[in-house]
Structures are given as C-alpha cells and as structure tokens.
**Q** 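What follows is a structure written as structure tokens; I'll ask about it next.
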Amino acid sequence: MSQGSVHNSWKLKMSQFFHASLVCLGSTCTTNVDNMYFYMQIEHVCALRRQRALKPGQSPYRALLETLELTNTKLTLQLINDNNKVRLLLELYRLQGNMTRVKINELKPLKPRFEVPDVLINDPPTEPLSLLSQDENGVVLSLGADSQWLIVSAKPFRLDIMEGREVLLSLNSRGLLTAKEDGMWEETFKSHTDNKPNGPSSISLDFSLPGVEHVYGIPEHADSLKLKTTDGGDPYRLFNLDVFQYELFNPMALYGAIPVMLSHSAQRTMGIFWLNAAETWVDISSNTAGKTVFGQMLDYVQGSSETPQTDVRWISESGIIDVFIMLGPTPTDVFSQYASLTGTQAFPPLSALAYHQCRWNYNDQEDVAAVDQGFDEHDIPYDFIWLDIEHTDGKRYFTWDPHKFPQPKDMLQGLIDKRRKMVTIVDPHIKVDSSYKIHNEIRSKGFYVKNKDGGDYEGWCWPGNSGYPDFTNPEMRAWWASMFAYDQYEGSMENMYTWNDMNEPSVFNGPEVTMHKDALHGNWENRDLHNLYGLYVQMATAEGLIERSGGVERPFVLTRAFFAGSQRYGAVWTGDNTAEWDHLKISIPMCLSLGLVGVSFCGADVGGFFKSPSTELLVRWYQTGAYQPFFRAHAHLDTPRREPWLFGPENTALIREAVRQRYALLPYWYQLFYHAHHSGQPVMRPLWVEYPHDTATFSTDDQFLLGEDLLVHPVTEEGASGVTAYLPGKGEVWFDVHTFQKHNGAQNLYIPVTISSIPVFQRGGSIIPRKARVRRSSSCMEHDPYTLFVALSPKRFAQGELYIDDGHTFNFDKQKQFIHRRLSFANNALSSRNLAPGSQFITPSWIEKIVILGASKPSKATLKTPDGKESLLEFEFDASMSVLTLRKPGVNAGVDWTVVLQ
C-alpha cells in the first residue's frame, strides 16, 4: 500500500464516527456511536444503563441454607431471587496463601456461560473451610489464619470476611448482585447491529471496604494512580480498544484491561481480582470523597465516628462471577498472592532492558544502516532498532518489502556484528489475498474468527480487507508459533524479535474500531472473551520465538493489548500517546498502575507518538524514560525525524547522558526483573509499597521507587527551575546519586534543577551495582567490571545483591546457571556471600571500584579472599561529602570476599 493509502486508512479510522445519540424504546436499544475518540459514550451502553439504574438497597437474593454442602475443597450453596425465583449456585473456596475465591453462576443456565481459561497458571490449591456455627440466619466459617472468619448471611444474602471483630470486606452488602437479567435483546451502533442471540446476560456484584480511602489498579486508563470515585460520572471501563489520541484523566477504555484492584490503608493491603474477559465497568464510591479539609477537621473536632469506606461495584456484560479476594495483609503479600494465580513477569533478555530506537517507519535497509551508524558517531548506546508496518510487502506480515528490504539477513548480520538487535512488527490482521501464503493456510485450516452467520469474519485494517485469526484456538496458536521458525519466516535471524500491535483487535470499520461482539470464536461470542484476544496473540508469538531456538532463548515480545496474565509473555507500552507535557506526566501513574497488577515491563513512547515535542520536552522525556522499565523512543509517520542527534549538540549531549545513565544501571535493572520473575514484586513501585504506614505516600504519583533502593522524581514540568520530592522513611537517609549529598527521610525536599537534572536518590542501607564503562550496546558490556555503590544507613549498615547470568537463555532456570550474591556492609566490613549454593556460573567480570557513601576515613582497607590471602587496597576519602572510594579490589564478581576497614 502506498504512503498515500496509509494516510487514507488513518483518515478513514479518524472519520468513522461522529455524533452519539441514544434511543431505548420497546425491545430495541439503538445507539449511533461516534465520538472522535472512538469510544462509546458509557451511558449509552444498554446493559450498563440497566445495571446502574439498580440502586443500593436490600438484595432480592437469599441463601437457601438447606442446600449447603461442605467438602474438603469448597462450600456450595444455592441462592434464590425472591422476585423472579431464579436460582444461582454459589461456590466458596479458601485458597492457599490467604485468599478466598467466590464463584456465582446460574444454577440452570439456558446456555453455558463463559468461564475464562488460560489466565490462571493452575487450578489454585485449596485449604479446608471449617464450619464454626450455623443457624437460620446464616453460617460462620473459619478461614484459618489470624482469627479470620467468613460469614454467610442468609436473608438478604451477604458475605463478610472478618478478622477478629473487624470487617475486612463485604460482598453484596449494598444488594447489587445480579446474574440473570431481563432486558433488550438487540442493540444497534450506527450501522452495526448486535443481535445478542443469547439475550442479555450481564452480571454485577458490589464490594465494601471499611477503613479504606485509597484504591488502585484496574489498568489501562490514562489517569492518576489513586482511582477516583465515579459518582455522577462514567465508570472505569475495561474493554480493549484501539483508541486514537486518547484523553487524559478519563475512565475511558484503552488498549488493555486487567480487572484487578488493590485497596490500601495504613492497616492493610488487599486485592480483588474479577476474572471476567467481557466488557467490564467498575464504579467506585466513597463516604469521604469530596470532603474538604475543613470538613474533615470538623469531623475530628466533633468526634465524628464515621469510618472511611470505599464501595466498589463490578459489572460485566457476560460470563460468570468469579472473584479472588487477596487478603494481604502487606503489599508484598498481595503481589505474591496475585502472582500465584496468574504467574510472574517474564524474565526478559538483558538487552531488552536497554534502549530501543523506533519510528513509523525506517524507510529501507540504507536508512536502518544510517541510523545505526548515527548512534555510533554520536556515542549514544542502543540495543534494538525497530521496523513498523511499512517494512512488509503490502502489509503482509512475515514478509519484507522486496524493494526497500531486499536483503534482510544482510541487514540483521550488520546489527549482529555490532551486537545489536531488531524488532519487526507482526500484527494479527491478515490481508485477504489468495497469493499470500499466511492467509491461504489460515483459511484452509479454518482458523479465522467467524461472523455470526458462520463465514470468515472480515474487517478493514492496514492491509485493506483482512481476516482475524482465532487465537483462542490452541491449534491456531500452535500454527502461528510455527510461523516464526527460521525456515518459515524468511529473512529472520536469531537477533530479530517481535512487536504485536493492533491486537485489541483493531477493526477500522467495526463498532468502536474493534470486532463485532457477535463474531464467533468456536462456540463463544467475542463479547464473552474480547479482552483475552491480545493476551493470546502475545502468548502464541512468544511461544514461537521460544520454539524457533529449540527452547533455549528467552523471547522478547511487545504487545499493545493485554489482560491478566499477559506479564508471562513480555512487555507492554501505553499506546499512541502525544508529544505533550501532560502525556509525559501521565506515563508515571500508568506504569505504576500496571506494575501493581503484575505487569512490570511497561513504558511509554519517549517523545510522544503523535505530534512533535519541543527539544525541552524531548530531553525531559528521555530523562524520565531512562528510569522506566521499557525504554523506547517512537514516533508517528507524519512527524519530523527525531533521532537523538537532530536537535543540536547540547541536546544530543543531554540525551546521551540520560541513555548512558540507563546503561550504567543495567545490573540493578536486571536483578529487579529477576526478582519480579521469581516473586511477582513490581520493578517500578509507588512509594506506599515500601512505606505502607506513611499516609503522605498514598496518593503520590509524580515520583516512584525502582525496587526499594532508588527513588526517582523526574522533571515533568515545562521550564521547571526546581522540584519538590518527598523522601520517605523517618530515621532513614537518602543520597543524591549524582552529588552524593545526604538528606534525611520523612521530608519534602526542594531540589533546584537545570535542563541536565534527573533527581535520583539511593536509600541509605542499600548496595547497588553499576557498570561504569558504557559501550555501544549492553551485549558489549557483558564481561565488563562492576562498581558497587554502598549507601550507609544511620546505623552504618547496608546490604544489596548482585545477580549475573548469560543474559539471554533459560539456562538460569533449567540448568541453574547463574550467580546470585548477597552484598553486606556491617561492622566496618563489606562482604560478598553466595545466595544460591546450588547454582553454577562463571563470569570474567570483576569488582573494579567500591564507593561508600556516608563513610568515615579508615587508616587502611584490606581485601580478604577465600584462599586466605590479604591485600591492602588504595583508597580516596572526600571528607566534605563523607565518600570513601576503594580502587581496584580486582576480585572476581562470582566469589566470596571481604573488605575490612580499620
């Protein structure tokens, strides 16, 4: 397709819809949808309107206690709606790890309801529930730990989870449970009619959280970290959509959906995981929302006893109620609980944590070579260069434009020679073209999604008329994975990885630019599983990259659409943002929200995808992106070129310095991802995760922690001359990583800034490894030596870790080939000890330098090695900053050693 055709496609997409009007009459609900941002006005969705019309009150449901059955694994109980006599089946499970699972389905559905597969990593192991008491009003069950009870009230039906006398969480306390509704059987969106062949099937359940004022999660939304109340406005919407130039501070649906919410107070952190892949809405209300500071003071003075409470209501268009209540009690516990259900972040190749250079599009092989050379000429490291849709032969994925990219292997070999890599885009819409092998095979195997009449579903996307593979079919996924084999994907090599875009899926001429809800995936409608599609695309692609290497190499796959569990398959980015200061700011809470629900490998397009950034904005975005997990610059086809050296030598130097800071810190980034992979702890975290009792941190989203030891407050205001960072931790100290200046914790610190400033602080009590010799790519730095930065606590203690493996294979897991060391400073001695005695790996890297912050001047420094040898180390001491630098210990990074200061 010509460039003009591409522009026309884009314009088509922009001009699909205009005006929204609603008529709900009789048995038909008609909506002409079309907001220029392509998302259906929330109040126009008939199922949602019916659900929201149901106001809190006494539930019509009661529990039929005579139907109660208790086994070793679960409790079952029938519920009846006294208004329409519909019966539901309630199943309660006590899960290992302090979780409770609640499932509610119709007892005898006319047609089976969809239950989400492939998201949970296994059938969650249960623990026995024990019946403590029962009478005509309900039953009390023990949840085992810490005097925790589950109370089932019969009339009206309600569940309460308690700890001692404290209610932790209540279900249906506001009476909003619905699982079988009467309503409209047909909706029309402009020219699109949704016949709803199975009738209206929405579900709803309310949760009350006493003592809670702060809730987080449910990405993806371009909004603050702390979720807002939705009273009088639209609910948060979870429905994966290709959204053109999305609005900020808005609950509108975006590209991904993770139906997980965390609640946090100074007493406890909990989580709610609503396992449903249909269109979902979340309403939040609070009894403290909107109160002024004066009003809160008045409550205090008058002795008001009203306990803060947040009420949350989940509504989904179809499926069953299947909810996991994660009872914490700490943030770390909730992360572990959720990871035990859906898995942890895939451990990426180390190079994927480095810098990525992308735009729509690098024009041809010569352009790629020139950009690659430009990085070397300007001494800026990078690891990956990316090719967008124009690299293909007419938007046929798995192919190359024969004129622009005639020798892809030569191009890839040129990158290999510099130890660099490439990513190519492979989207899940397939050009309908009888001369295209991929299309022919999918059609002949019957692997396309079907329309409601049983034919192949077709829609308009980048190639023109396109089919959509049914990735819910495991046979289709296995076939797709096989297409990444080196003998199938012509021109591919081992240093080429994959980007899955447009996988919501995007259908330019579909309702809301996505697939019709009555399209069929086997026996299920798209409405039942819509939010799973992107996860399945990334799953199949990641599997293909693993298979092509015989199971040896870790994959790297970036996806735009995602769901719970997507963290197992790669990285996510925040989609088509804009070169504006507010979009830079919002990248922080957007990535923090993703990290809280398992997706640590997240980033935003550096510089903004749409429009052109000012040089100041571009520099500030590089400085921010260098401290976010996924670090990629990207730009729209219509924007001027913006490689880092195109804005004058001063800006080139500023960008170079930001990128070099990223590369120096790669050892720390890598060990954070190792921990995320093993434990589910987020890499980029809100301050409250590490300081859960400090209420000053609960709403902070303009700064963040990397692990527990680095605090970053990027400069995101235009023309800023200073920022105020909150340094948490009473009795703690923080060291400016650039100047080594020491600051006390539990204070707001004003920091004067210039255009070169990136405020970053290391926590006193921590040890962070870096590599000071920055080279053209991370692979070139593989065997380079380490510098250890030891930041002493007020008690003159510090500890950290050093993790090393080969950086790209699964040998760390399959063959235990890695080094994991505990670094500790105590009693004036710094030591390295093995944390993984069963592992084996040899590294040529050594310890080049040790910098101790907050130190005293020693009379001598002695290195002791396991062979009993002792040697004196050279050192320098800066008395003005209390910084001790030990030169060239020269000891291998993988062995035991101790440095004693006397």
Side-chain angles (χ1 to χ4, degrees), residues 331-332 350 353-355 587-588 591-592 595-596 600-603 622-631 657-676 681-691 694 697 700-716 723 725-729 732-747 749 751 753 757-772 774 786-793 797-803 823 825 851-854 883:
T332 297
L350 189 150
L353 300 178
Y355 174 63
S587 70
I588 297 172
C591 283
L592 287 173
L596 288 175
S600 270
F601 205 0
C602 164
Y622 268 98
Q623 293 170 343
T624 303
Y627 287 91
Q628 291 176 340
F630 177 55
F631 184 24
E657 173 57 23
V659 177
R660 289 174 66 89
Q661 286 186 33
R662 171 56 163 243
Y663 275 72
L665 203 55
L666 282 175
Y668 183 65
W669 279 106
Y670 197 51
Q671 75 184 33
L672 291 179
F673 270 89
Y674 177 75
H675 282 294
Q681 306 305 305
V683 168
M684 177 180 172
R685 355 185 140 149
L687 272 59
W688 62 259
V689 167
E690 295 299 329
Y691 298 88
D694 185 348
T697 67
T700 300
D701 61 7
D702 58 353
Q703 61 184 73
F704 53 90
L705 293 167
L706 297 177
E708 58 184 321
D709 296 336
L710 279 185
L711 184 149
V712 186
H713 191 307
V715 182
T716 59
V723 298
Y726 179 68
L727 302 181
E732 293 196 30
V733 293
W734 295 85
F735 293 88
D736 184 312
V737 301
H738 309 298
T739 66
F740 303 146
Q741 178 76 43
K742 182 168 75 172
H743 303 279
N744 291 325
Q747 67 156 322
L749 178 70
I751 308 154
V753 298
S757 304
I758 315 176
V760 181
F761 300 87
Q762 181 173 343
R763 185 179 59 82
S766 66
I767 302 174
I768 289 180
R770 295 175 181 255
K771 288 193 173 184
V774 174
Y786 290 89
T787 296
L788 304 180
F789 285 82
V790 182
L792 297 184
S793 73
F797 171 82
Q799 70 174 17
E801 295 175 23
L802 182 60
Y803 177 83
L823 305 171
F825 185 98
V851 181
I852 304 177
L853 313 180
V883 175

**Q** Taking atom CG of Leu710 and atom OH of Tyr668, what is their separation to the nearest 0.5 Å?
**A**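 Here the interatomic distance stands at 4.5 Å.
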**Q** Please report whether the ring centroid of Tyr663 lies less than 6.0 Å from that of Phe631.
**A**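 Ring-ring flag for Phe631/Tyr663: false, centres at least 6.0 Å apart.
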**Q** Start with the C-alpha gap between Leu727 and Asn744, add the side-chain angles, then the distance that decides, and say whether side chain to side chain contact (heavy atoms under 4.5 Å, CB included) holds.
**A** CA-CA 7 Å; Leu727 302 181; Asn744 291 325; over 6 Å; no
**Q** Would you say that Val689 contacts Leu596 through its side chain, given a criterion of any heavy-atom pair below 4.5 Å between the two side chains?
**A**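 Yes. Closest side-chain heavy atoms under 4.5 Å.
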**Q** Do Cys591 and Phe630 make a side-chain contact, defined as non-hydrogen atoms from C-beta onward lying under 4.5 Å apart?
**A**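 SC-SC contact between Cys591 and Phe630 ruled out.
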**Q** Roughly how far apart are His713 NE2 and Leu749 CG, rounded to 0.5 Å?
**A**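 His713 atom NE2 to Leu749 atom CG measures 10.0 Å (nearest 0.5 Å).
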**Q** Calculate, to the nearest 0.5 Å, the distance between atoms CD and CD1 belonging to Gln762 and Ile768 respectively.
**A**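 These two atoms lie 4.0 Å from each other.
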**Q** Evaluate the side chain to side chain contact (heavy atoms under 4.5 Å, CB included) criterion for residues Met684 and Leu706: first the C-alpha distance (whole Å), next the side-chain angles of each, then the deciding distance (0.1 Å), finally the verdict.
**A** CA-CA 5 Å; Met684 177 180 172; Leu706 297 177; 4.1 Å; yes
**Q** State, yes or no, whether a side-chain contact exists between Tyr355 and Arg662 at a heavy-atom distance under 4.5 Å.
**A**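 Sidechains of Arg662 and Tyr355: no contact.
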**Q** Quick one: closest heavy-atom pair of Pro629 and Phe601, and the distance?
**A**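 Looking at all heavy atoms of both residues, the shortest contact is O-CE1, 3.6 Å.
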**Q** Between Arg685 (side chain only) and Glu690 (backbone N and O only), is there a donor and an acceptor less than 3.5 Å apart?
**A**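 Such a contact is absent between Arg685 side chain and Glu690 backbone.
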**Q** Applying the side-chain hydrogen bond (donor to acceptor under 3.5 Å, both in side chains) criterion to Tyr726, which one of Thr700, Thr697, Asp694 satisfies it?
**A**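 The option that passes is Asp694.
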**Q** Between Pro682 and Gly595, what is the shortest heavy-atom contact and its length?
**A**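 Scanning both residues completely, I find the closest heavy atoms to be CB-O, 3.4 Å.
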**Q** With the side chain counted from C-beta on, respond yes when Val774 and Gln661 share a heavy-atom pair under 4.5 Å apart, and no when they do not.
**A**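 Of all side-chain heavy-atom pairs linking Gln661 with Val774, none is under 4.5 Å.
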**Q** Which atom names give the shortest non-hydrogen contact between Phe735 and Gly764, and what distance separates them?
**A**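 In this case the closest contact between Phe735 and Gly764 is CE1-CA, 4.0 Å.
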**Q** Heavy atoms, side chains only, cut-off 4.5 Å: are Val723 and Pro759 in contact?
**A**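 Val723 vs Pro759: side chains touch.
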**Q** Look up atom NE2 in His675 and atom OH in Tyr803, then write down how far apart they are to the nearest 0.5 Å.
**A**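 Between atom NE2 of His675 and atom OH of Tyr803 there are 10.0 Å.
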**Q** Work out which heavy atom in Ala626 is nearest to a heavy atom in Ala658; give both atom names and the distance.
**A**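 Taking every non-hydrogen atom into account, CB-O, 3.4 Å.
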**Q** Which atom pair, heavy atoms only, marks the closest approach of Leu353 to Leu666?
**A**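 Scanning both residues completely, I find the closest heavy atoms to be O-CD2, 3.5 Å.
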**Q** How are the rings of Phe740 and Phe789 set relative to one another: parallel (under 30°), tilted (30 to 60°) or perpendicular (over 60°)?
**A**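 Ring orientation of Phe740 relative to Phe789: tilted.
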**Q** Parallel, tilted or perpendicular for Trp734 and Tyr691, by the 30°/60° rule?
**A**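 Trp734 vs Tyr691 ring planes: tilted.
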**Q** Is there side-chain contact between Leu687 and Leu705, with heavy atoms separated by less than 4.5 Å?
**A**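 Contact flag for Leu687/Leu705 side chains = yes.
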**Q** Look up atom NE2 in His743 and atom CG in Leu711, then write down how far apart they are to the nearest 0.5 Å.
**A**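 The NE2 atom of His743 sits 11.5 Å away from the CG atom of Leu711.
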**Q** Rounded to the nearest 0.5 Å, how far does NE2 of His738 lie from CD of Glu657?
**A**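 Glu657 CD to His738 NE2: 8.0 Å, rounded to 0.5 Å.
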**Q** Report yes if the side chains of Pro769 and Gln671 come closer than 4.5 Å at any heavy-atom pair, otherwise no.
**A**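 Yes - at least one pair of side-chain heavy atoms lies under 4.5 Å apart.
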**Q** With a 4.5 Å limit on heavy-atom distance, are the side chains of Val683 and Trp669 in contact?
**A**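 Contact flag for Val683/Trp669 side chains = yes.
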**Q** Would you say NZ of Lys771 has more than 12 non-hydrogen atoms from neighbouring residues, nucleotides or ligands within 6.0 angstrom?
**A**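 Counting neighbours around NZ of Lys771, more than 12 heavy atoms of other residues, nucleotides or ligands fall under 6.0 Å, so yes.
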**Q** What closest approach, in Å, do Phe825 and Val790 show between heavy atoms, and which atom pair accounts for it?
**A**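 Shortest heavy-atom contact: CB-CG1, 4.1 Å.
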**Q** Salt bridge (charged side-chain N to carboxylate O under 4.0 Å, His left out) with Arg770: which residues, sequence neighbours excluded?
**A**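 Not a single residue meets the salt bridge (charged side-chain N to carboxylate O under 4.0 Å, His left out) criterion with Arg770.
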